[in-house]
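Structure record follows, encoded as structure tokens.
Bear in mind the structure is a predicted one, so any value in this text is a computation, not a measurement.
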Amino acid sequence: MSYSYVSHLECPKCQAALEVTEVQQLCACGSPLLVRYDLEKVKEHVSKESIGIRPTSLWRYHELLPVSAKENIVTLGEGWTPLEKMPQLGKHYQLSNLYIKDEGIIPTGSFKTRGASVGISKAKELGVKQLAMPTNGNAGAAWALYAAKANIKATIVMPVDAPAITRKEVFISGGDLHLVDGLISDAGKIVGKLVADKGVYDASTLKEPYRIEGKKTMGYEIVEQFGWNVPDVILYPTGGGVGIIGIYKALKEMQELGWISDNKLPRLVAVQAEGCSPIVEAWKNGETESAFFENSETCAFGINVPKALGDFLVLESLYHTNGCAIAVSETELLTAQKLVAELEGNFICPEGAATFAAAEKLRKEGWIKEEEVVVCLNTGAGIKYPETVELANIPTLQPGEFIER
């Protein structure tokens with residue numbers, strides 16, 4: 001048996017095949033690359049039952065991940081995050097089977113950990129010594145921390161108004177942190193020049209093929225946690241879109257392996273903020289790519305991505321699963337964030353809150369039926385975004401005063 005049955009890299013646009021044993025960034029045609037596996041050999045050597053008795057980390061799926069040698073794994077114990085039913089919130093939304101997949105309960109406090117673990121592990125295997133990436137915060141924090149463990153230099157560029165904790169995570173890990181007075185797209189231009197001038201490994205979203213592979217393990221986990229059954233709807237906060245691309249990829253792989261039915265896939269929902277909704281606009285118009293979203297702004301900083309490199313892959317996942325794209329307002333997502341905490345005790349990030357706001361809207365519209373099994377992805381811990389919570393009317397007691405009620 002092999003530790004991994006990784007086969008090659010494939011371009012989803014021109015179908016070019018590339019080696020996984022060499023550093024690869026984008027295809028020559030400009031498209032992101034996808035990792036492919038010898039699924040026939042996986043069928044022969046791996047079963048759902050054998051996976052079920054393994055340690056609860058994302059590396060339980062190692063045959064379907066791109067790292068060939070176990071000694072190259074860089075891990076902090078990530079994966080197997082809670083999938084919990086939310087009965088009180090479900091009652092409020094009139095959803096009998098509402099669940100949260102909580103990625104806030106993971107090293108570095110966000111789902112970016114998954115992409116960092118797999119991406120850094122493969123970079124280590126390829127002999128990378130320095131990487132660079134633009135980020136809205138959480139991805140840079142995760143990659144900087146995992147790079148520190150792998151002894152890889154991480155040059156991270158993020159907007160000056162990225163969440164403070166993510167800047168501090170990069171700094172404390174010894175990362176090479178730079179701030180830009182602009183958006184993630186501006187940070188991307190800075191990283192692009194460094195990559196072009198110095199030959200640094202480009203870890204930007206989808207400009208290396210392996211971040212998707214870490215994110216896809218969310219799809220494997222959701223299905224396994226439901227007893228190898230698929231839910232009806234999965235809602236995902238969508239900026240760069242790697243998570244929804246990865247979940248769709250996992251679902252297709254599981255179909256090919258015969259681990260789930262060929263007849264049913266969850267309807268995937270790309271959730272965006274009204275202040276930055278390029279995927280929503282493209283989906284409404286039946287487009288296969290999105291246009292740059294001018295003057296984007298939202299407190300859900302992780303989904304403030306005006307133009308995603310993999311937008312065509314996000315839209316493909318929506319069309320092929322009969323899913324949809326929906327935008328929510330700042331008021332709606334902040335209201336949902338508070339409601340989730342009040343009714344269920346989960347302090348979630350604003351991006352995750354957007355999925356619950358979207359679930360409520362889609363239920364009211366009848367797009368989601370009351371009895372359907374619905375999974376909302378919370379992509380990070382709410383404590384990483386303290387600025388989204390404003391305290392009001394909090395009494396201040398003097399020494400010797402008492403509470404009377």
message: Within the 4.5 Å heavy-atom criterion, are Asp181 and Asp186 side-chain neighbours or not?
response: no
query: Looking only at atom types and distance, does a side-chain atom of Glu351 sit under 3.5 Å from a main-chain N or O of Gly302, one as donor and one as acceptor?
result: yes
- request: Return yes when atom CG of Asn285 has more than 12 non-hydrogen atoms of other residues, nucleotides or ligands closer than 6.0 Å, and no otherwise.
  value: yes
query: How about Glu387: does its CD atom have over 12 heavy atoms from other parts shown lying under 6.0 Å from it?
result: yes
Straight-line distance of Leu315 CG to Thr288 OG1, nearest 0.5 Å: 7.5 Å
field: Set of salt bridge (Lys or Arg N to Asp or Glu O under 4.0 Å) partners for Lys338, sequence neighbours left out
entry: Glu342
message: I'd like to know whether the aromatic ring centres of Phe226 and Tyr99 sit less than 6.0 Å apart in this structure.
response: yes
- prompt: Can Arg267 and Glu372 be counted as an ion pair, charged N to O under 4.0 angstrom?
  reply: yes
- prompt: Angle class for the Tyr5/His45 ring planes (parallel below 30°, perpendicular above 60°, tilted otherwise)?
  reply: parallel
Reported CG-to-OG distance for the pair Leu145 and Ser117, which is rounded to 0.5 angstrom: 12.0 Å
- prompt: What is the minimum heavy-atom distance between Val195 and Val200, and which atoms define it?
  reply: CG1-O, 3.5 Å
Would you be so kind as to tabulate the donor-acceptor pairs closer than 3.5 Å made by side chains of residues 9-20, with sequence neighbours excluded?
residue: Glu10; atom: OE1; partner: Arg36; partner atom: NE; Å: 3.1
residue: Glu10; atom: OE1; partner: Arg36; partner atom: NH2; Å: 3.1
residue: Lys13; atom: NZ; partner: Glu289; partner atom: OE2; Å: 3.2
residue: Gln15; atom: NE2; partner: Pro12; partner atom: O; Å: 3.2

- prompt: With Arg211, which residues qualify under salt bridge (Lys or Arg N to Asp or Glu O under 4.0 Å), at least two apart?
  reply: none
Thr217 versus Trp59, side-chain donor and acceptor atoms under 3.5 Å: no
Residue pair Tyr248 / Thr321, side-chain heavy-atom distance below 4.5 Å: yes
- request: Could you name each residue pair satisfying salt bridge (charged side-chain N to carboxylate O under 4.0 Å, His left out) that touches residues 230-256, not counting sequence neighbours?
  value: Glu213-Lys249, Lys216-Glu253, Asp232-Lys264, Lys249-Glu253
pair Leu265-Val230: side-chain heavy atoms closer than 4.5 Å: no
message: Between Glu360 and Lys364, is the salt bridge (Lys or Arg N to Asp or Glu O under 4.0 Å) condition met? List the steps.
response: CA-CA 6 Å; Glu360 181 182 24; Lys364 287 179 177 177; 3.5 Å; yes
message: The criterion is side-chain contact (heavy atoms from CB on, under 4.5 Å); which residues satisfy it with Ile234, sequence neighbours excluded?
response: Ile222, Pro231, Ile247, Pro266, Leu268, Val375, Leu377
query: Can you check side-chain hydrogen bond (donor to acceptor under 3.5 Å, both in side chains) on Ser121 and Asn72, steps first, answer last?
result: CA-CA 6 Å; Ser121 296; Asn72 290 319; over 6 Å; no
From Leu309 atom CG to Ser204 atom OG, the distance as rounded to the nearest 0.5 Å: 9.0 Å
message: Going by the rule side-chain contact (heavy atoms from CB on, under 4.5 Å), which residues pair with Arg167 if we only count those two or more places apart in sequence or in a different chain?
response: Met158, Ala164, Leu177, Leu179
message: Side chains of Thr166 and Asn138: any donor to acceptor distance under 3.5 Å?
response: no
field: With sequence neighbours excluded, residues passing side-chain contact (heavy atoms from CB on, under 4.5 Å) with Ile190
entry: Val157, Val180
query: Should Lys85 and Glu344 be marked as a salt bridge (Lys or Arg N to Asp or Glu O under 4.0 Å) after you check the CA-CA gap, both sets of side-chain angles, and the distance that decides it?
result: CA-CA 10 Å; Lys85 194 168 186 179; Glu344 298 290 353; over 6 Å; no
task: Check the surroundings of atom OH in Tyr319: do more than 12 heavy atoms from other residues, nucleotides or ligands lie under 6.0 Å from it?
output: yes
query: Can you find a heavy atom in the side chain of Asp311 that is under 4.5 Å from one in the side chain of Pro278?
result: no
- prompt: Does anything in residues 115-124 pair up under salt bridge (charged side-chain N to carboxylate O under 4.0 Å, His left out), and if so which pairs, sequence neighbours excluded?
  reply: Lys122-Glu125
- request: Please assess Glu221 against Lys101 for the test salt bridge (Lys or Arg N to Asp or Glu O under 4.0 Å), listing each intermediate value before the final yes or no.
  value: CA-CA 9 Å; Glu221 285 183 21; Lys101 177 67 169 167; 2.7 Å; yes
- prompt: Could you give all pairs that pass the salt bridge (charged side-chain N to carboxylate O under 4.0 Å, His left out) test and reach residues 193-202, with sequence neighbours left out?
  reply: Lys193-Asp197
- prompt: Do the side chains of Ile212 and Leu206 get nearer than 4.5 Å, heavy atoms only?
  reply: yes
task: Test Thr155 against Gln130 for side-chain hydrogen bond (donor to acceptor under 3.5 Å, both in side chains), laying out the working first.
output: CA-CA 8 Å; Thr155 298; Gln130 181 182 358; 3.0 Å; yes
Residues Glu371, Ser96; criterion side-chain hydrogen bond (donor to acceptor under 3.5 Å, both in side chains); working and verdict: CA-CA 5 Å; Glu371 70 284 353; Ser96 302; over 6 Å; no
message: Within the 4.5 Å heavy-atom criterion, are Lys361 and Trp367 side-chain neighbours or not?
response: no
- request: Using a 4.5 Å cut-off on heavy atoms from C-beta on, say whether the side chain of Ser290 contacts that of Trp283.
  value: no
task: Mind checking side-chain hydrogen bond (donor to acceptor under 3.5 Å, both in side chains) for Glu330 and listing every partner two or more places apart, or none if nothing turns up?
output: Thr298
task: Work out which heavy atom in Gly240 is nearest to a heavy atom in Ala308; give both atom names and the distance.
output: O-CB, 3.6 Å
task: Assign the ring pair His62 / Tyr3 to parallel, tilted or perpendicular, where the plane angle (0 to 90°) is split at 30° and 60°.
output: parallel
- request: Calculate, to the nearest 0.5 Å, the distance between atoms OG1 and NE2 belonging to Thr21 and His8 respectively.
  value: 13.0 Å
- request: Using a cut-off of 6.0 Å, state whether more than 12 heavy atoms not belonging to Ile394 lie near its atom CD1.
  value: yes
- request: Measure the spacing between SG of Cys349 and CZ of Phe111 and express it to the nearest 0.5 Å.
  value: 8.0 Å
- prompt: Considering only heavy atoms from C-beta outward, does the side chain of Trp80 approach that of Leu58 to under 4.5 Å?
  reply: no
field: Gln255 side chain to Ser261 backbone, donor-acceptor under 3.5 Å
entry: yes
message: Give me each pair satisfying salt bridge (charged side-chain N to carboxylate O under 4.0 Å, His left out) with a member in residues 60-72, each pair once, sequence neighbours excluded.
response: Arg54-Glu63, Arg60-Glu224
query: Between NZ of Lys369 and CG of Leu95, what distance do you get to the nearest 0.5 Å?
result: 11.5 Å
query: Does the pair Lys41 and Glu44 meet the rule for a salt bridge (Lys or Arg N to Asp or Glu O under 4.0 Å), with working shown?
result: CA-CA 5 Å; Lys41 287 186 178 177; Glu44 184 180 344; over 6 Å; no
message: Would you say Thr108 and Thr113 are linked by a side-chain donor-acceptor pair, where the criterion is simply a distance under 3.5 Å?
response: yes
message: Going by side-chain contact (heavy atoms from CB on, under 4.5 Å), name the residues that satisfy it together with Ser47, two or more places apart in sequence or in a different chain.
response: Glu49, Ser50
